[in-house]
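Structure first, commentary second.
All ligand and atom numbering here is 1-based and tracks the order in the structure.
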Amino acid sequence: MTESVTITDNRTGESIEIPIVDGGIDAGSWKKLLGNIWFADPGFTQTAATESAITELDGEAGVLRYRGYPIEQLAEKSTYLEVAFLLIYGELPTPQQYEDWTHAITYHTFIHENVRKRTLEGFHHDAHPMGMLVSTVAALSTFYPEAKDIHVEEIRNKQIVRAIAKMPTLAAGAHRSSVGMPFVYPDNTLDFTSNFLSMMWKIAEPHYEADPVLSRALDVLFILHADHEQNCGTTAMRVIGSSHADPYSALAGATAALYGPRHGGANEAVIKMLTEIGHIDNVADYVKSVKEGKGRLQGFGHRVYKNYDPRAKIIKETADKVFEVTGKNPLLDIALKLEEVALADDYFVSRKLYPNVDFYSGLIYQAMRFPIEMFTVLFAIPRTAGWLAHWRELVLQDQKIARPRQLYTGSGPRDYVGIYQR
Ligand code: CMC
């Protein structure tokens with residue numbers, strides 16, 4: 001039997017039965033009966049903005065899968081570049097596809113010299129690297145004007161490769177410029193994360209050797225951050241993409257959305273919070289102040305997860321491996337105590353507030369010597385794969401331009417009054 005809902009317009013007595021398909025009801029059927037009645041849903045908490053075959057998330061059960069593959073298996077066995085291919089094209093690559101894909105990404109890591117000299121180095125010395133990233137990604141659209149041809153598969157694929165490949169170069173370049181260090185060119189002999197670490201940290205050595213444990217840990221973090229279905233940044237990507245803007249302009253918008261402290265900026269906020277708490281003895285008082293409404297526990301809570309974020313679990317394990325190399329981050333004890341106190345407190349339990357992906361990631365980044373301003377940048381690099389996967393899906397779906405309605409609550413009609421008559 002088909003499951004359905006029946007909606008009755010009590011003003012007229014008319015009814016319409018709408019089948020439930022894939023867990024949703026079609027707004028088109030609703031429109032037939034209630035054409036001028038809009039869903040009031042700011043924040044899209046109850047709106048499925050699209051069909052998507054990329055990422056499956058069950059927030060109640062704490063489950064995350066990319067194209068059907070559990071995040072735990074991908075984090076253990078795969079690489080970021082393989083996961084990027086999977087997200088974008090729907091299947092794990094064959095050996096030949098993987099070799100071609102890795103080669104293409106590696107050979108597109110260079111950026112145009114004008115992006116480096118005129119754009120990256122044109123910022124004020126204390127510019128935030130996320131601001132620099134947003135701007136330089138947008139600038140790429142002017143260097144690749146053919147990217148506007150979004151309906152040509154070959155052109156689409158080319159921009160996908162370019163964007164994934166150039167993101168670490170732009171990110172590391174933003175950091176180097178903000179600390180007054182010379183730009184480091186990509187090294188094609190290195191893998192994706194080692195190359196990024198080389199561009200971040202290389203000084204005078206002819207060849208930068210990243211610690212393999214740190215390089216792998218970063219790769220795992222990149223896998224965990226690669227996609228998360230219709231979050232704020234991805235929604236921005238899809239909304240901009242739906243107007244058929246080129247992918248770099250859409251990526252710049254998605255990156256800007258990620259910048260906010262409610263989204264990708266939370267890992268930065270976590271470190272600031274832990275530093276402010278300062279000592280495990282202060283944890284209980286801090287939790288009390290949060291319960292009294294004085295701010296939020298950063299890195300806790302999620303719109304979709306009402307259970308432990310599965311990524312947070314993997315990140316906690318990764319942290320142990322990283323700390324063996326770097327030494328323990330002194331803020332870890334405060335974080336562990338905070339989690340213990342919060343998870344034993346009815347305020348957090350009853351609201352289903354658990355640590356999210358950002359709670360422990362900042363501790364790892366800090367132990368790896370990344371400055372706090374780079375944390376959200378480290379989120380944007382891998383999320384580029386997810387954003388592009390959704391952008392490609394949207395283009396192939398030929399989805400309508402995103403254009404929601406509003407419930408107007410402003411003034412009724414009135415006549416203009418000259419400035420000296422007001
Ligand atoms: N600390 C204390 N109370 C909280 C928190 C928190 N971190 N998060 C939610 N609450 C409370 C909130 O006050 C509300 O309580 P009440 O019902 O009494 O008014 C209730 O829980 C529901 O909160 P909400 O604001 O309606 O939930 P939301 O789904 O709109 O917000 C969130 C989700 C992630 C924005 C929010 O939990 C938050 O601000 N968390 C801290 C910031 C953070 O860690 N963000 C990273 C999210 S994961 C990575 C990413 O998306 O980029």
Basic-acidic side-chain contact under 4.0 Å: [X], [Y]:
X: Arg67; Y: Glu91; value: no
X: Arg162; Y: Glu146; value: yes
X: Glu60; Y: Lys352; value: yes
X: Lys272; Y: Glu268; value: yes

So which protein residues pack against ligand 1 under 4.0 Å, heavy atoms counted?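 The 4.0 Å shell around ligand 1 contains Arg262, His263, Gly264, Ala266, Val290, Arg296, Leu297, Gln298, Gly299, Phe300, Gly301, His302, Arg303, Tyr347, Arg351, Leu353, Asn356, Val357, Asp358, Phe379.
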Tell me whether the NZ or CZ atom of Arg351 lies within the 45° cone about the ring axis of Tyr347 and under 6.0 Å from its centre.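 Because its charged atom sits under 6.0 Å from the ring centre and within 45° of the axis, Arg351 does stack over Tyr347.
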Between side-chain atoms of residues 315-322 and protein atoms elsewhere (two or more places apart, or another chain), which donor-acceptor pairs fall under 3.5 Å?
residue, atom, partner, partner atom, Å
Lys316, NZ, Glu339, OE1, 3.3
Thr318, OG1, Ile314, O, 2.9

